[in-house]
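A short worksheet on the structure shown next.
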Amino acid sequence: MNNHFVYKCSICGQEYTADEITYTCPQDDGNLDVLMDYERIRQVYTPSSICSDEASLWRYLALLPVEDPAGVLTPLRNAGWTPVYAPKVLADEIGLKKLWIKDESRNPTASFKDRASAVVIARARELNAEVVVTASTGNAGAALAGMAAAVAQKAVIFAPRSAPPAKIAQLLVFGAQVLLVDGTYDEAFDLSIRAAEEFGWYCRNTGYNPFTAEGKKTAAFEIWEWINKNAVDISENMGALSIFVSVGDGNIISGIHKGFRDLLELGWMDSVPRLFGVQSIGSAAVANAFNANTEVITPVVSTTLADSISVDLPRDGVRAVRAAAQTGGKYITVSDEEILQAIKHLGRVGIFAEPAGAASYAGLVRAIAEEIIQPHDPVLVLNTGSGLKDVKAAMRAVPETPVIEPTLTDLKRNLGSE
Ligand SMILES: [Zn+2]
């Protein structure tokens with residue numbers, strides 16, 4: 001077995017073998033961390049040999065808890081390995097010397113969630129699962145549906161009926177069985193778990209299935225590899241880097257933290273970048289816990305236009321609090337108005353972010369205003385999803401378009417040149 005692993009509960013610390021358990025700790029419902037055989041990996045690989053030539057997240061297959069039996073991963077090979085930009089216009093505008101944006105909207109279904117779904121589908125194939133199910137605000141479902149379609153795996157998606165139409169269209173085009181729940185994401189989440197138990201389906205739910213964080217950790221590997229190649233001064237002190245991540249259920253920030261913890265465990269990095277979680281003021285359960293210095297997550301009644309991070313009860317909240325607490329980061333909350341402004345600013349350098357994707361940049365702007373981030377701090381911001389996913393929100397961020405008569409006279413009047 002190449003990729004041997006065990007599970008460890010993030011609450012009570014109990015360890016379980018891979019065939020003992022599938023989702024969360026039976027004692028306390030804690031999320032399970034996947035622990036790899038770090039000693040063996042260290043003996044076989046070096047920081048450079050661990051990265052294969054694959055231009056996708058599968059370049060780190062040796063650090064993932066899945067195999068590639070009979071090449072089933074081949075159709076999944078397009079997730080990850082997203083570009084990093086250095087938008088000077090934005091850096092100058094907000095007064096930073098070093099600003100990078102990693103654009104996850106370049107994933108195959110246009111969001112960060114492809115990383116999780118690719119690895120969960122690989123795991124589903126190992127388990128010979130007939131059906132994979134997930135609850136989703138839209139992106140995780142689209143990612144699961146897309147990855148499932150790529151390997152002819154049957155997928156069932158529960159989404160709130162209020163999900164943006166583009167996200168629902170993606171689910172349907174990829175051929176998933178879609179059920180729109182007349183309720184919140186949290187209600188869809190609970191229903192999908194009950195359905196999985198009832199029908200014996202394999203459940204991908206975020207903050208429930210331990211393999212989602214394993215897929216998401218590959219973004220940390222990519223940042224590590226990218227910094228090592230492109231910013232040598234920072235690679236010697238990775239703790240100097242600040243990373244801004246939007247947070248809903250908490251699984252992206254905890255997945256990225258896990259990736260860095262793997263590298264730390266392997267001795268391939270000395271310190272972990274500071275992780276800053278950004279939440280909407282209207283959906284801030286993790287930020288509330290962080291600011292109260294507790295790991296007890298109290299649900300909120302979520303109200304934000306950023307649907308992908310609109311969550312009443314974050315299912316990976318404890319690890320999300322730790323991701324910031326254990327790295328010297330913080331939680332920042334932003335208003336919907338600040339998120340819309342961020343969409344506009346990112347757009348000016350050619351990055352089209354959905355509200356949840358732009359929230360991270362809005363958080364950075366606020367962190368600078370509050371002097372949490374200083375001008376000399378190197379910062380990387382993650383855009384987690386494409387603006388094409390929620391065009392209605394994007395239109396709220398931009399000025400109204402003039403409609404003109406098809407005449408030169410009317411054109412001049414509109415351009416103000418008459
Ligand atoms: Zn436990």
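Atoms within each ligand, like the ligands themselves, are counted from 1 in listed order.
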- Ignoring water, what protein N, O or S atoms are under 2.8 Å from the Zn ion (ligand 1)?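 Within the sphere that stays under 2.8 Å of the Zn ion (ligand 1), the protein atoms of type N, O or S are Cys9 SG, Cys12 SG, Cys25 SG, Asp28 OD1, Asp28 OD2.
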- Counting only heavy atoms not in Lys8, do more than 12 fall under 6.0 Å of its NZ?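 No, not enclosed.
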- Count the heavy atoms belonging to other residues, nucleotides or ligands that lie under 6.0 Å from CG of Asp270, then report whether that count exceeds 12.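 12 or below, so no.
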- Item | Check against ring-ring contact (aromatic ring centres under 6.0 Å, His included), Phe211 and Phe5 | CA-CA 12 Å; Phe211 282 74; Phe5 68 92; 5.8 Å; yes
- Do Pro355 and Ile343 touch side chain to side chain, with heavy atoms closer than 4.5 Å?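 Answer yes - side chains close enough.
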- Hey, is the main chain of Glu67 close enough, under 3.5 Å, to the side chain of Glu126 for a donor-acceptor pair?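 The answer is yes, because a donor-acceptor pair under 3.5 Å joins these two groups.
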- Task: Please answer whether the main-chain N or O of Ala306 pairs with a side-chain N or O of Ser310 as donor and acceptor at a distance below 3.5 Å.
- Result: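 Between the backbone of Ala306 and the side chain of Ser310 there is no qualifying donor-acceptor contact (under 3.5 Å).
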